[in-house]
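Notes for the one structure printed next.
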Amino acid sequence: MKPFTAVWPGRSLPRGAYWDGEGVNFAVFSEHAEAVELCVFDRTGRRELQRIPLVERTDEIFHCYLPEARPGLLYGYRMHGPYRPEQGLRFNPHKLLLDPYARSIAGSLRWSDALFGYSVGNKRGDLSFDRRDSASAMPKSKVIEPAFTWGDDRPPAIPWHDMVIYELHVRGFTMQHPDVPPALRGTYAGLATAPVVDYLKRLGVTTVELMPVHYFIDDRRLVQEGLRNYWGYNTIGYFAPEARYSASGKVNEFKTMVKTLHSAGLEVILDVVYNHTAEGNELGPTLCFRGMDNGAYYRLQSGNPRFYMDYTGCGNTLNMQHPRVLQLIMDSLRYWVTDMHVDGFRFDLAPALARELHEVDRLGAFFDILRQDPVLSSVKLIAEPWDLGEGGYQVGNFPAGWAEWNDKYRDTMRAYWRGDGGVIGEFARRLTGSSDLYGRSGRAPHASINFITAHDGFTLRDLVSYNQKHNDANLENNRDGNDNNISWNCGAEGPTDDEGVLALRARQSRNMLGSLLLSQGIPMLTAGDEIARTQGGNNNAYCQDNPISWVDWTPDETKTRLLAFVRRVVELRRAHPAFRRRHFFEGRSLTGKDDKDIAWLKPDGSEMTEQEWNNDFARSLGVYLAGDRLGESDARGHVLSDDDFLVLFNAHDGVIPFTLPAFDSWGWLVLFDTARDDGLSPEGTYRGDNAYPVEGRSLVLLQKVSPS
C-alpha cells in the first residue's frame, strides 16, 4: 500500500470516516487539541504507514479528504495537546485512538502498559506521562462500504401492548445450538439461521432484545484471570457492531440478521450503554474519548477535574452537558435506526443520561431531544430506570413515550411465590400493570416492562434452586453479585435427585412464568428460562463466556414440558386482549350496570374487602377479568371484546378450594393448572358455585364458557 499523496481539505460533516464512492472524508471533534494526526495502517493493522496532519479545522472539527482511500482502510488518530490531569487535560500523541464515529473496528485490544497515558507503576500515578507507543496493542478503526440491499424491509411496528420481549445474548444463545452450523455459532449470522428464527416464532415472542452489541473490550483484570467481559457493558465504539459476534467480519452481517428477523415479523431492540465507556477512572487506559478530549467527553469533578464523576460504578460518566457528546449519542442512535434498521433501544443506567447537574433532571436535554427527533421519537425507548448516584432510583418517573424495567414487579412476584406474607396487595398492583407507578403521569400499562429474571441475577431455574449465590467461578471470593435474590431452593440447595423437590421447582417455574405472561404490561422473558437454563447458582455471570452462561439446548423431559407450557401461555396472551389491555382497569362499572371490569375474589367466592388486603397470612386470591368490558377499540375503531377469565393464585403450601363465580348456567373451562406435571392438562368444565381445588403453590387459569 502506497502513501496517500493527495490530501484535500474535506468537510466537517459527517463525522467519522465516510466513503462517498470516490474517496473518504475524515472528520473528528476535539475542543482542546492543538493538533491532530490521521494514522494509516497496512491491511494487517500491525504497521503504521503514514501520519497525515489534519490542518483543516471547522467548529472544533478537524477534517480532511483522501481521494485515493477506499473501504477497508485501517486508521486511528493521535491528538496533540497539553497533558495536565489536574486540569482535566490528558492529551498524549503516543497513544493511538479509535475514531468515536468508527463504523467498524478491526482486531482486538492486547493489554499492555503502553495503553495508559501515564506510566503505570510510577509513584506519581496518572500525573506522570508515558511516551511508549500504543499502536501495536490497539484495535484499528476501519472504513466501510455502507451500501446494503434492504429491499422492502420495514419495521414490524408491533404495538406496545402486543409485545413479548425476549432478552438474549448473541453469542450465548447459539454457541451450543445443535442445528446451527458450527462456523456460525455465537454470531449474528447464527442468530439469523432458520432453526433459530423458527424457534423464536414458535415460542411466540415478538421482540428480540439483544444484550450489548456495540464494540466493547475485556477488562484487563478479567483477561489476566482467563475470563472475559461476556455481557459487553464496556463499550468503546458506539457505531461499530462487536466484531467477535461476526462470522464474516463484515458490518453487513448484522444488517442481514436484522432483515431476516424482520422478515419473520420480529423486532430487534438493542441494549445500549451510553452512560459510561470502557476507559474507566483516572487510572484507566487511553483508548478513545480520554485522549480525544477528556474534559469534553467526561463528567469531571468540579473542584478537582483530575477525577471523574461516577454515577455508573464503572469509573466514569459521559458528559451529556456537552453538545458534541450529546450529538455523538444522538448520531449513534439515528445510525442504528436508519442504517442498521433496529426498532428501538433499552438504555442501561438511563438516569445517568438525564443528569444535568448532580441531580437527576427528569426533563433533561437528552429526553427533550429524543421526544422531538423525527427518527428516534418513533422507535421503542426502554429505560433501566436507576443508576448508582444520589437520587438515581427513578422507577415510574420517566417521561411519556418511555417504557421502564419494573424491578418492583420482579421483587413482588418472587416474594409472593416464595410464600412471603403481607404482599398480596402489592402483588395485585403489579399484576394489573402498576398503575400506581405509571398511571399518575398519564402513561399506559405498557410503560411497565415486567420481568422476573434478566441477564443480571439468577436464571429462573436457579431462582427456584438456590437460596444463596454461588459465584466462585468469577474469582472474587463470592463477594460480587446481589445477596438479596428473593429466591427459594424448594428444599435443597442446587442439584438434587429428590423427585419431590424437582417437581416443586418445575411447578414454581410455571407459576412465575404464568404470572408474568398473564400480567398487564409488557412481559420480558430471559433467553433459556423457558427450557430451564441454569448458571449453577451464579447470579453475576458477566465474565463467564463459557457453558455457565451459554444456553444448553440438550433436550430432556423437564425442558420439553416447560417449553410447551410457555408456548401455550404466550399463545393465550396473544389471542386474548384481556391480558394485554391498552388502559388500566377502572375497578368499576363501564356500562352503568352492576358489573366491573375486574374483581378480586377470596377463596369463598366473595370480593376482597379493604381490610383483607392487609392480612399478613393471606397468600391466596382470585381475579375475575371481564373480557366484554375492555372499554377499548382496535386501530380501525372496532370495539374490542373478549371472553371472561378467572385466574386463581395459591402461594400456600396446602390445597385451597376456590368457589367459582356463578353466571346462570355458564361454566368454567380450565385452560391450565400449574399443579399438573406439564401444566396443560385441563379436566373439563366446572359449574359456577362449585369449588375448584387449587393445589398448594399453583396457578389456575379458567375461561367462562357457555353451557353445552
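Sequence positions, counted from 1, serve as the residue numbers for this chain. Worth knowing before you read on, the calculation uses all heavy atoms, side chains too, and leaves out hydrogens, waters and symmetry mates.
Under the 6.0 Å cut-off for aromatic ring centres, F398 and F367 qualify, their centroids lying closer than that. Between H470 and F458, the distance from one ring center to the other does not fall under 6.0 angstrom. Ring centers of Y238 and Y274: under 6.0 Å apart, within the cut-off. The ring of F617 has its center no closer than 6.0 angstrom to the ring center of H652. Close placement of the Y230 and H169 rings is indicated, their centers lying within 6.0 Å of each other. Taking the ring centroids of F645 and F579, they lie under the 6.0 Å cut-off. The ring of F345 has its center no closer than 6.0 angstrom to the ring center of W336.
Under the 6.0 Å distance and 45° angle rule, R581 counts as a cation-pi partner of F585. In this structure, R346 satisfies the cation-pi test against W405, with its NZ or CZ atom closer than 6.0 Å to the six-membered ring centre and inside 45 degrees of the ring normal.
To the nearest 0.5 Å, the span separating CG on L200 from CG on L261 amounts to 7.0 Å. Interatomic distance, OG1 of T207 versus CD of E167, reported as 13.0 Å (0.5 Å rounding). In this structure, K704 NZ and D644 CG are separated by 4.0 Å, a value rounded to the nearest 0.5 Å. Interatomic distance, I424 CD1 to N615 CG, rounded to the nearest 0.5 Å: 7.0 Å. Taken from CG in D483 to CG in N478, the straight-line distance is 8.0 Å, to the nearest 0.5 Å. With rounding to the nearest 0.5 Å, the separation of OG in S698 from CD1 in I656 is 9.5 Å.
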For this session: Take L601 and F658 through the side-chain contact (heavy atoms from CB on, under 4.5 Å) test and state the conclusion after the steps.
Result: CA-CA 9 Å; L601 306 176; F658 264 86; 5.6 Å; no
For this session: Could you check N450 against S519 for side chain to side chain donor-acceptor pair (under 3.5 Å), going step by step and ending with a plain yes or no?
Result: CA-CA 8 Å; N450 299 329; S519 294; 4.8 Å; no
For this session: Might you work through the ring pair (Phe, Tyr, Trp, His ring centres under 6.0 Å) test for F216 and W231, ending with a clear yes or no?
Result: CA-CA 10 Å; F216 64 91; W231 286 353; over 10 Å; no
For this session: Start with the C-alpha gap between K380 and E267, add the side-chain angles, then the distance that decides, and say whether salt bridge (Lys or Arg N to Asp or Glu O under 4.0 Å) holds.
Result: CA-CA 10 Å; K380 306 285 176 61; E267 293 181 310; 2.8 Å; yes
For this session: Output, in order, the C-alpha distance, side-chain angles, deciding distance and verdict of side-chain contact (heavy atoms from CB on, under 4.5 Å) for M512 and L516.
Result: CA-CA 6 Å; M512 284 188 267; L516 174 67; over 6 Å; no
For this session: Carefully, step by step, assess N482 and N539 under the rule side chain to side chain donor-acceptor pair (under 3.5 Å).
Result: CA-CA 7 Å; N482 197 338; N539 74 350; 6.0 Å; no
Exercise. Are W613 and Q611 close enough, and set up right, to give a side chain to side chain donor-acceptor pair (under 3.5 Å), and what steps lead you there?
Worked result: CA-CA 5 Å; W613 284 110; Q611 180 180 355; over 6 Å; no
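A salt bridge between R334 and D373 is present, with a side-chain N of the basic residue lying under 4.0 Å from a carboxylate O of the acidic one. Ion pairing between E404 and R443 holds under the 4.0 Å rule for side-chain N and carboxylate O. Salt-bridge check for R580 with D162: passed, with a basic side-chain N closer than 4.0 Å to an acidic carboxylate O. Between E426 and R430 there is a salt bridge, with a side-chain nitrogen of the basic residue lying less than 4.0 Å from a carboxylate oxygen of the acidic one. D545 has a carboxylate O that lies under 4.0 Å from a charged side-chain N of R171, or vice versa, which qualifies the two as a salt bridge. Under 4.0 Å is where a charged nitrogen must lie from a carboxylate oxygen, and between E530 and R461 no such pair does. Using a 4.0 Å cut-off between charged side-chain N and carboxylate O, D420 and R414 make no salt bridge.
Test I452, N511, V423, T412 against W417 for side-chain contact (heavy atoms from CB on, under 4.5 Å) and you get one pass: N511. Partner of F173 under the ring-ring contact (aromatic ring centres under 6.0 Å, His included) criterion, chosen from Y245, Y188, Y166, W550: Y166. F672 pairs with exactly one of V700, L702, V569, D678 by the side-chain contact (heavy atoms from CB on, under 4.5 Å) rule, that one being V569.
Judged purely by distance below 3.5 Å, without hydrogens or angles, the side chains of N489 and S487 never pair a donor atom with an acceptor atom. No side-chain donor from either of Q535 and D462 sits under 3.5 Å from a side-chain acceptor of the other.
Residue pairs meeting the ring pair (Phe, Tyr, Trp, His ring centres under 6.0 Å) criterion with at least one member in residues 425-445, sequence neighbours excluded, are Y416-F427, F427-F649.
Smallest separation of non-hydrogen atoms from F584 and T432: CD2-O, 3.8 Å.
More than 12 heavy atoms of other shown residues, nucleotides or ligands fall within 6.0 angstrom of atom CD in E476. Residue E493 qualifies as enclosed at atom CD: its count of foreign heavy atoms under 6.0 Å is above 12.
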